[in-house]
Amino acid sequence: MQKIILYIVLSLTLITVGYFSFIYYVPYSEGVRSGELIKISHKGFVVKTWEGELSQGISGAQIFAFSIMDNQEVVIEDLKKWQGKKVTLEYEERYKTFFWWGDTRYFVTKVSLEK
């Protein structure tokens, strides 16, 4: 009986570790979007995350919401500096996200100012 319980606990542990490793390391897609940066904010009550919005159409008809990881300090500073300007964002889309990463599944990895 103890062996069965041990195997069940080990199996559940391996499944949990595999699931979280998959979410952490495997992106669903990668891409580039450009438009006017209309919002960058550090929000949250218990866990603060960086969130932003990019307007891709006329009068905000198409809004691209994205998150930025805390370790992307250069990206965060560039986004703050270029608020209201046309930018190009490189991003990764994840299958799922953790609540301490951000509100969206899109995570910006690089930003550049459009000319």
Side-chain angles (χ1 to χ4, degrees):
M1 186 65 171
Q2 289 178 348
K3 278 188 175 182
I4 293 173
I5 292 173
L6 179 66
Y7 287 141
I8 290 172
V9 169
L10 285 175
S11 297
L12 290 174
T13 302
L14 284 175
I15 289 170
T16 303
V17 167
Y19 174 76
F20 284 106
S21 296
F22 181 78
I23 290 174
Y24 187 82
Y25 290 110
V26 180
Y28 178 70
S29 70
E30 296 174 347
V32 177
R33 294 200 187 199
S34 62
E36 182 182 357
L37 182 62
I38 58 174
K39 176 184 149 186
I40 180 77
S41 64
H42 195 216
K43 67 183 221 175
F45 184 68
V46 176
V47 178
K48 297 275 190 189
T49 60
W50 285 97
E51 309 295 330
E53 290 181 351
L54 187 75
S55 174
Q56 294 182 286
I58 299 171
S59 71
Q62 291 182 328
I63 302 293
F64 174 64
F66 59 89
S67 302
I68 308 106
M69 301 283 263
D70 285 334
N71 63 356
Q72 297 283 340
E73 295 161 359
V74 173
V75 172
I76 293 167
E77 290 306 315
D78 286 344
L79 287 170
K80 284 192 223 177
K81 184 172 42 177
W82 296 331
Q83 171 75 32
K85 297 194 173 19
K86 294 210 40 125
V87 295
T88 300
L89 304 177
E90 291 183 25
Y91 66 91
E92 289 182 343
E93 181 183 4
R94 301 286 181 161
Y95 288 99
K96 297 244 185 223
T97 184
F98 301 117
F99 69 91
W100 60 86
W101 275 4
D103 291 343
T104 70
R105 296 182 315 165
Y106 300 96
F107 295 94
V108 172
T109 57
K110 187 177 177 185
V111 61
S112 58
L113 190 62
E114 279 192 18
K115 302 203 166 74

> Where the side chain of Lys48 meets the backbone of Gly44, is there a donor-acceptor pair that is under 3.5 Å apart?
Replying inline: yes
>> Could you go through Asp70 and Trp50, starting from their C-alpha distance and side-chain angles, then the distance that decides it, and tell me whether this counts as side chain to side chain contact (heavy atoms under 4.5 Å, CB included)?
In response: CA-CA 7 Å; Asp70 285 334; Trp50 285 97; 3.3 Å; yes
>> Working to the nearest 0.5 angstrom, can you tell me the gap between Arg105 CZ and Ile23 CD1?
In response: 11.5 Å
>> Could you check whether any side-chain N or O of Glu93 sits under 3.5 Å from a backbone N or O of Pro27, counting only pairs where one atom can act as donor and the other as acceptor?
In response: no
>> Within the 4.5 Å heavy-atom criterion, are Ile68 and Ile40 side-chain neighbours or not?
In response: yes
> Do Thr109 and Glu90 meet the criterion of a side-chain donor-acceptor pair at a distance under 3.5 Å?
Replying inline: no
> Given Tyr106, which of Tyr91, Tyr28, Phe66 fulfils the ring pair (Phe, Tyr, Trp, His ring centres under 6.0 Å) condition?
Replying inline: Tyr91
>> Just verifying a value: how many Å separate Asp103 CG and Thr97 OG1, rounded to the nearest 0.5 Å?
In response: 8.5 Å
>> For a quick test of reading the model, state the closest non-hydrogen atom pair linking Gln72 to Val108 and the distance between them.
In response: CG-O, 4.2 Å
> In terms of hydrophobic clustering (I, L, V, M, F, W, Y; side-chain heavy atoms under 4.5 Å; direct or indirect links), are Ile8 and Met1 co-clustered?
Replying inline: no
> Any idea which heavy atoms bring Tyr25 and Arg94 closest together, and the distance?
Replying inline: C-NH1, 3.8 Å
>> Please report the interatomic distance CD(Glu92) to CD(Glu30), rounded to the nearest 0.5 Å.
In response: 5.0 Å
>> Hydrophobic clustering (ILVMFWY, side-chain heavy atoms < 4.5 Å, transitive) - are Phe64 and Trp82 grouped together?
In response: yes
>> My understanding is that only residues two or more places apart in sequence, or in another chain, count here; which of them pass ring-ring contact (aromatic ring centres under 6.0 Å, His included) with Trp101?
In response: Tyr24, Phe98, Phe107
> Would Ser34 and Val87 satisfy side chain to side chain contact (heavy atoms under 4.5 Å, CB included), going step by step from the backbone distance to the final call?
Replying inline: CA-CA 6 Å; Ser34 62; Val87 295; over 6 Å; no
> Are Val46 and Trp100 in one and the same hydrophobic cluster, where Ile, Leu, Val, Met, Phe, Trp and Tyr link if side-chain heavy atoms are under 4.5 Å apart?
Replying inline: yes
>> Can you tell me how far apart NZ (Lys96) and OH (Tyr19) are? Round to the nearest 0.5 Å.
In response: 5.0 Å
> Quick one: CD1 on Ile38 to CD on Gln83, what's the gap to the nearest 0.5 Å?
Replying inline: 8.5 Å
> Are Leu79 and Leu113 connected, step by step, through hydrophobic side chains (Ile, Leu, Val, Met, Phe, Trp, Tyr) whose heavy atoms are closer than 4.5 Å?
Replying inline: yes
>> Rounded at 0.5 Å granularity, tell me how far NZ in Lys85 sits from CD in Glu114.
In response: 13.0 Å
> Is the side chain of Thr104 donor-acceptor paired with the backbone N or O of Ser67 at a distance under 3.5 Å, no angle test?
Replying inline: yes
